[in-house]
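All remarks here apply to the structure that follows.
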Amino acid sequence: MKIVQLLFLGLSLGSIYALIALGFVVIYKGTKVINLAHGSLMLLGAYVVAVVSEHSNFGLGVAAGLVTAGLGAIVAERVVSLARTHDHLVPTILTIGLDVLLAAELSRRIGTEVFSMGDPWGDARVTLLGTVLPQARIAATIVGIAVIAAFFVVFRMTDFGTRMRASAEDAETAALMGISQRRVAMVSWAMGGAMACIAGIFLAAFPNAGLDHHSGIIALNAIPAIIIGGLDSSEGAVLGGLIVGITQSLVQGYADALHFLGGNAAPVAPYVVMLAVLMVRPSGIFGSKELARV
Amino acid sequence: MKPSLRSGMVAAALIIAVTASSCATRGAEAGGESGDVKTDFGVTADTITIGAMSDLSNVFAGLGRTLVDGNRLYFNERNADGGICGRQVELEVADHAYDVQKATSQFVDLEKDVLGFVQLLGSPVIAALSPQIATTGAITIPATWSTDWIGKEGLVVVGASYPGEIINGLDHLMREGLIAEGDTIGHVYFEGDFGGNALLGSQYVAKEAGLELEAIAVDPTATDLTAQVNQLANAEVDAILVSAGPRQTASIAGVAAASGLDVPILTNGPGFDPALLDTPVGGALKDNLRVITSYEPFAGDSVTAQQVAEAYEGDDPTIYVNYGYASAAVMGQALDQACENGDLTRAGVASALRSLDAVDTGLMPVMDLTDGSVMPTNETFVSVVDPDQAGGLTVVEEPFASELAEEFAAQ
Amino acid sequence: MSDRVARLLPWLLVLPLLAMPLYVDGSWLIIGILGMAGAIGAIGLTVLTGTAGQLSLAHAFFLAVGAYGYAFLAAGSEPGGEASGLGLPSTVAALAAVLLAGLAGLAFSPVAARVKGLYLGVASLALVFIGEHVLRNAAPLTGGFNGRRVPTLSIGGFELTGRNPELVVLGIPFLERERLWYLSVLVLVVSIVVATRIVRGRPGRALRLMRDSAAAAGSMGVEVRRYQASAFVCSSMFAGVAGVLTALAFQYIVPQYFTLLLSVTFLAMVVIGGLGSVGGAVAGGVFVTALPLVLEKFSTSLTFLADPGTGGLDATMLAHLIFGASIVLVLVVEPGGLAALGGRLRTLVRRS
Amino acid sequence: MTRALTVEGVTLQFGGIRALDDLSFTVEPGTVHAVIGPNGAGKSSTFNVISGHYRPAAGSIRFGDTDLTEMAPHRIAREGIGRAFQNIALSGHATVVDNLMVARHRLTRAGFLATALGLPGARREERIHRERVREIADFVGLGGQLNASAGTLAYGDRKRLEIARALCTEPEILLLDEPAAGMPAFEKWDVASLVLSVRESLGISVVLVEHDMPVVMAIADHITVLDFGRLIAEGTPEEVQSSEAVIAAYLGETAAHDQAVTTAPSTTPTAC
C-alpha cells in the first residue's frame, strides 16, 4: 500500500508544481521568456492573499492576490519588453534582476513573520485508501485541475487562444495578421502571474506551516518540470509537474532502499530525471524542436 | 592597446619608483598596556569591544535578531552598573546574512577591533571561520550546540549539546510513561551539524534503552512533511523527535495531529518559533510539542528571566533572548576573571574563561567551562507550548541531566 | 594619444593594484581578492555565454570542483583531519584542480552539445543541485556539511597564502592576505591576457560564428560540437582557477557557498559587464562581488541606512536592490553593459 | 581543378514530403553551374544536402572520388566546398576581417592552448592568413572596410562579404545561394562579374542558385532546372530556355507557388 500512498502524495504535490510550471509555460509561449521572477510573483500573490484575508475574508484575499500577482506580472512584462533584443537569453536574464528586486522588498515587508493564508480548509484532512491527505491538498488538486482545464478551454477554443497560439508559433506572421503581440504578451504574463498566486496559496497552506519570506524559492522545484515536459508545451508542463511531484515523493518514501544516493536525495532527484530526459529528447517530452533555418 | 613586454618593463620601473618614494600608510598592530591590565585587541582605557556576527536579514533573521537583543541586554545592564573592568562594553554587530563570503570579509574587518565574539551564528559560517578563529585566538561563542565544535581552539560552546537535549528529552518521556522499552520513536532531522549531531543522541538512547528508531533526513527547503509523517505513522511511532527548523516542526505537528497520530513531539531549541503559533498548526504545536533546551524560556519563572523579560523592548521575543543574555553573561564573567588576573588580552580572556568552573548566568544550569573537550553542562529544561506566554513556552521540568546523557557525554 | 602611451595604459592600471597592500589593510585586501576571484570566474562565463552563446547556470559547480579539488589534492591525510587528501605539492594540486574543473566541463559536454539555448541554461542548473548534493554526502572527500580546511599554497617552502617565512616590506608585515593579493593580481592578469587572446584569436572567432549561425560555422570548417565542448571546458577551467583562489581566500570551504545563488551572481556579473567582453567581465565581477562587502563595511557611516534587522533599508537590502536594478538597467538601457559604457567613455576622451 | 561534384539519385524527405526526389546532376570542374526553379523547387535543399546540413534519405554526393553523403558540414568544408548563405549568416558585431578570418578555420591550426599562450606558431599563422584575407577582401571590393563591423555594412556589401568569406575557405567549388537577391540592377551585374572572375581568375567552380534569370543566363555555363524537387531540364542556357518543361514550370509559377505553400512542410529538421 505504501506505493499507493506515495503516488497519492506525489500527485497532490505534483498538481501544485503543475500549476507553477504551467505559469512558466504560458509566459514562455507568449513571449519566449523563462520568467525567473516567478517565485517572487508567487510570493507577492500569496502575501497579498494573507494580508487581505486577515482583515476581511479569504475570498476577498484571493481576489486581491490574483489581481496583484497578475498586475505585477504585467509590470514585469512591460519592463522585460523594454529590452529591445532578438536574443532570448537577455529577457530571461532580466527577470533575474526583477526577481532580486521584488524578493528584496517582499522579504523586507514580511520580515521574520509567518503568515497563515486564512483558507477555509485549515488543518482538516481526508483518509483515502489508508492515506491521510490534507483537505487543502485535495483542494489544491481540484483547483489545479480546474485551472488547467479552464486554461486548455481558453487556449484551444476561444479567439484569444487562437491568437496566442498563432503568435507562439510564428510571432512575425501573427503580427502581420494583426494580432497584437503586446496584448498577447500582457495577457499571457497576467495568466502566468495569477497561476503562480494560486499555487502560492496552496504552497503556504497546510501542511506547510505558512508563508514566510523564503517561500518563493519553492517555485524552483517547477523548473525541472518545465524542461521535462518541454518549455513550450502546456501538456508538458502538467505532465512535468506531476513527474516531479511523484519523483520527489517516491525517492523520499523509499529513502531507505535508495541509501546509496546519499542522504536526502528527494530534492535532487527531479534534476536527474530532467537530465535523463534531455539526453533522449533535447527539447523535453512535448517540446517542439528549435527550428534551424539555413 | 596590447601590453608589450617593453611597456611592461617601463611600468615595473614606475612601480618600483612609486613604492620606494611612498611611505606606507598602514599602522602597526595593537598591543601593550592600558591602565592596570595587559591588553591587545579591542580594549582601550575605557571600552571593551565585543563582536557579534549574526544573520539579521536571511533565513535565520528571527533567531539572530532576538539573540542580538539578548546579548545587548546583558551588556547594557553591566554598562549601567559601571561596566566591566572599569570599561564600557561596546557590542559590534555584523549582519552576514548567512553568506559565507560576506562573513569571511567581515571577520577580517571586525576581528582586529574586538576582543572576542559573543555570537557567531550559522553553521556554514562557523565552519568557514573556525580556522581563522583558532589563529586569532579570539574567544568566540558560536550559536550552536553541536558536539562537532567542542575542542576547537577559540570556540566555546555554551549549554548542553543537541544529542544531550535529545537524550534528556527521551528520558523525560520515559519517566512520564509516554514511551517505554520496545517502543518505536521517529527522528526527523536536518543533515549536518545540527540534526545530524542530534541524531547521535536518539541513536544512543535507542541502543541503550531498547527503542526502535525511524530516522528521516529532510532538507531545509522541505516544508510539506506529509510523506514523512505517513512514514512515521506506518512505523507506528510512539514519539517523534524533530531536529530541524520551525517550519518542519510545524508541518510535522500539523500533519501528525490531522492524521490522528497523537504522540508527543520533542524538538531542540532551533526547532521552535513562536511566530508559528498563529498559523493553522498552532493548535497541534500546543497539544504535543515539548522543547528541550539548556536555557530557560523567555519570561520564565527565574528572577533573571523575569528581569530580562521586563527589560526587553523588542517585538516578538523568542527563547534566544535568554540564550543571548546567558551567553553574554558567560563572556562577561570571563572578562571579569581576566580583569582580576590583570590580563585582558585574548590569551588572558581565554585562560580566564577556562578557569571558570561554576558559571551561573541565572538563565542556564551552572556550567563548568574548565574542560574545553566536553560540553559545560548536560542539564536541560523541558518546556511546553503556551500561547499566552510571551515567547510561547513554559517550563514543565526544571534542569536535570539524565544518566544516559551523562554517560553519552563521557564518551 | 600616442601609441606608446596607449600601450602603457593597461599596465598603468596594474600599478595601483601592486601598491595596494602598502596602503590598505587586510579587510580591503580580502574584498579585493574575492573581487579578483569573481572577475576570473566571470571571464570564464563570458567566454561561454557571451562569446559562444551557451547559457550556463553551472558555474558554481565548476568553482566547487576547483576549490574542493585543490583542498583534496593538496591536503595530507593527517589524522584528525575532517577529510582525506592526496598530499600533493600544493602548486601541483592547484594546477591539477584547474584541470579537474576542465574535465568536469568535458564530462558535461555531451549534454552541452545536444541541448541548446534556454534548455541548456536549465540543464546546467542540474549540475549545481547534483553537485551540492555530492558535496554534502561525499564526506570523506569533501568533509560533508561542515566542509573542509584548505591547505596553504607554497612554493619551495615559501607560503604564498600563509605567513611563513616572515616577510616584511617597507615596514609592513606581508601575511596571508598581502601574499594572496599579489598571487591574485598575477593570476588575474594572466587570465585577462589568456582570455583576450582566445576571444580575439581563432577559437574566439569560431565561437562567435557558432553563436550567430551554427550552420555557417559548420560550413567554415568549424566542428560545432567539438567547439561547444571546448568552450565548456575552457570556461570551467577559468571557474576552476576562481574556485582555487576563493578557497585560498576562505581557508575553509563549505558546500553552502557553491549554490545556485553563486551561479546567478556570476551570470549577473557577465551581464552587467557586457556579454562577451573580457574587460566587462572583470569590471562586472569586481563590482558584483565587492558591492555588498563594501556597502556592509560602510553601513555604519552611511546614515541613511537602517540597522540590520529593523525592517528598514539596511546594507544587505541596499546591495540587493542595487544588484537587481543594475541587471535591469543594463539590459534595458545599455545591453553592452559596463564594457559598452567604457567604450563610449574612451570615444569621448579621444574626441576631446 | 580536377574534381567534379556529382549528385546522384538524391532523395530528401521531411516527414511525408519529398523535398528532393531522385535528383542527379554533375558540376563539371571550372564551370559556373546554375540551379534554378520556382519557389519551393528544392534549390536551397540541394545546397543543404551538398554542404551536409541535411542528410539525404537515398542517393549519394561525390566530390571526385570522395563520398560526401554521410559527412558532417565541417568535413565537407575541409574537402574544399565553400558556401555563401542566402540569409546572410555573418557575425554582425565582428569586424569584416574577423568574419573573413573565421573562414580560414580549416586552413589554420591554433587551438585554445596555442592561442592562449600566444605561441610563435600561432602568431605567425595569424599574420600570414591576415595577409591572404586582405587580398580576398580586395578581390571582392571590401578592401577599404576591413575594420568596419559587419552589421554596419550596406546590404550589398554584406552579400559580398558572404561571398568573400566563402572564398576565404579556399574552396575548389563554391556554392552561392542567391548572391544577387534583393539588389538593385547595377549591383547585380557587379556580383555577376564577380562570380565570373571567381571562375576565371581563381579557377574555382561555382554552383549558383539564383532567381534573376538575366543574370543566370548571362553567366552560367550549365543550368539544372528543378521543380517540386525533381530535375525537369538541364543543359546550356540556350537549351534550357527552349525547354518546354521549363516554360511550363515557370508559367505555372504562381499556381505552383500556392500549391507549394499549402503542401510545404510545417517543420524543418534540425541541422547537423
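First the proteins, then the strands, lettered A, B, ... as listed; each starts at 1.
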The interface call for B/Gln248 against chain A, heavy-atom contacts under 4.5 Å, is neither
Between the CG atom in A/Leu41 and the CG atom in A/Leu44, the distance rounded to the nearest 0.5 Å is 6.5 Å
Just by distance, with hydrogens left out, do B/Asn71 and B/Tyr325 show a side-chain donor and acceptor under 3.5 Å apart?
no
Whatever's closer than 4.5 Å to a heavy atom in chain A on B/Asp219 counts as both
Review point. Hey, are B/Thr318 and B/Thr66 close enough side-chain-wise for a donor-acceptor pair under 3.5 Å?
Key: yes
For residues 243-269 of chain B, the salt bridge (charged side-chain N to carboxylate O under 4.0 Å, His left out) pairs (sequence neighbours left out) are A/Asp212-B/Arg247
The interface call for A/Pro134 against chain B, heavy-atom contacts under 4.5 Å, is side chain
Honestly, the part of A/Ile218 sitting under 4.5 Å from a heavy atom of chain B is side chain
Side chains of A/His38 and A/Asn35 only: does a donor on one sit below 3.5 Å from an acceptor on the other?
yes
Pair count under 4.5 Å, heavy atoms only, with chain A: among B/Asn58, B/Val229, B/Asp278, highest is B/Asn58
Residues at least two apart in sequence or cross-chain that pass salt bridge (charged side-chain N to carboxylate O under 4.0 Å, His left out) with A/Glu105, listed by chain then number, are A/Arg108, A/Arg109
Handout entry: Check: B/Tyr320 ring centroid to B/Phe298 ring centroid under 6.0 Å
Key = no
Output for pair (A/Leu250 CG, A/Leu6 CG), nearest 0.5 Å, gives 5.5 Å
Filtered by a 4.5 Å non-hydrogen cutoff, the part of residues 182-204 of chain B contacting chain A is B/Glu191
With chain B, the option among A/Glu113, A/His213, A/Met117 that has the most non-hydrogen atom pairs under 4.5 Å is A/His213
Checked A/Leu13, A/Val114, A/Leu211 vs chain B; the most non-hydrogen pairs under 4.5 Å come from A/Val114
Ignoring hydrogens and angles, state whether a donor on the side chain of B/Gln119 or B/Ser54 is under 3.5 Å from an acceptor on the partner side chain. yes
By salt bridge (charged side-chain N to carboxylate O under 4.0 Å, His left out), B/Arg72 pairs with (sequence neighbours left out) none
Greatest number of non-hydrogen atom pairs under 4.5 angstrom with chain A, of B/Asp273, B/Thr249, B/Thr223, B/Leu276, falls to B/Thr223
With chain A, the option among B/Ala275, B/Gly260, B/Ala253, B/Ala250 that has the most non-hydrogen atom pairs under 4.5 Å is B/Ala275
Note: vs chain A, highest number of non-hydrogen pairs under 4.5 angstrom among B/Val218, B/Val281, B/Asp316 is B/Val218
The interface call for A/Leu220 against chain B, heavy-atom contacts under 4.5 Å, is neither
If one checks every heavy atom of B/Leu63 against chain A at 4.5 Å, the contacting part turns out to be neither
Exercise. Is a salt bridge present between A/Arg137 and B/Asp224, judged by a nitrogen-to-oxygen distance below 4.0 Å?
Worked result: yes
State, without any angle test, whether B/Asn322 and B/Tyr295 hold a side-chain donor-acceptor pair at a distance under 3.5 Å.
no
Cut-off 4.5 Å, heavy atoms of chain A, and the answer for B/Val255 is both
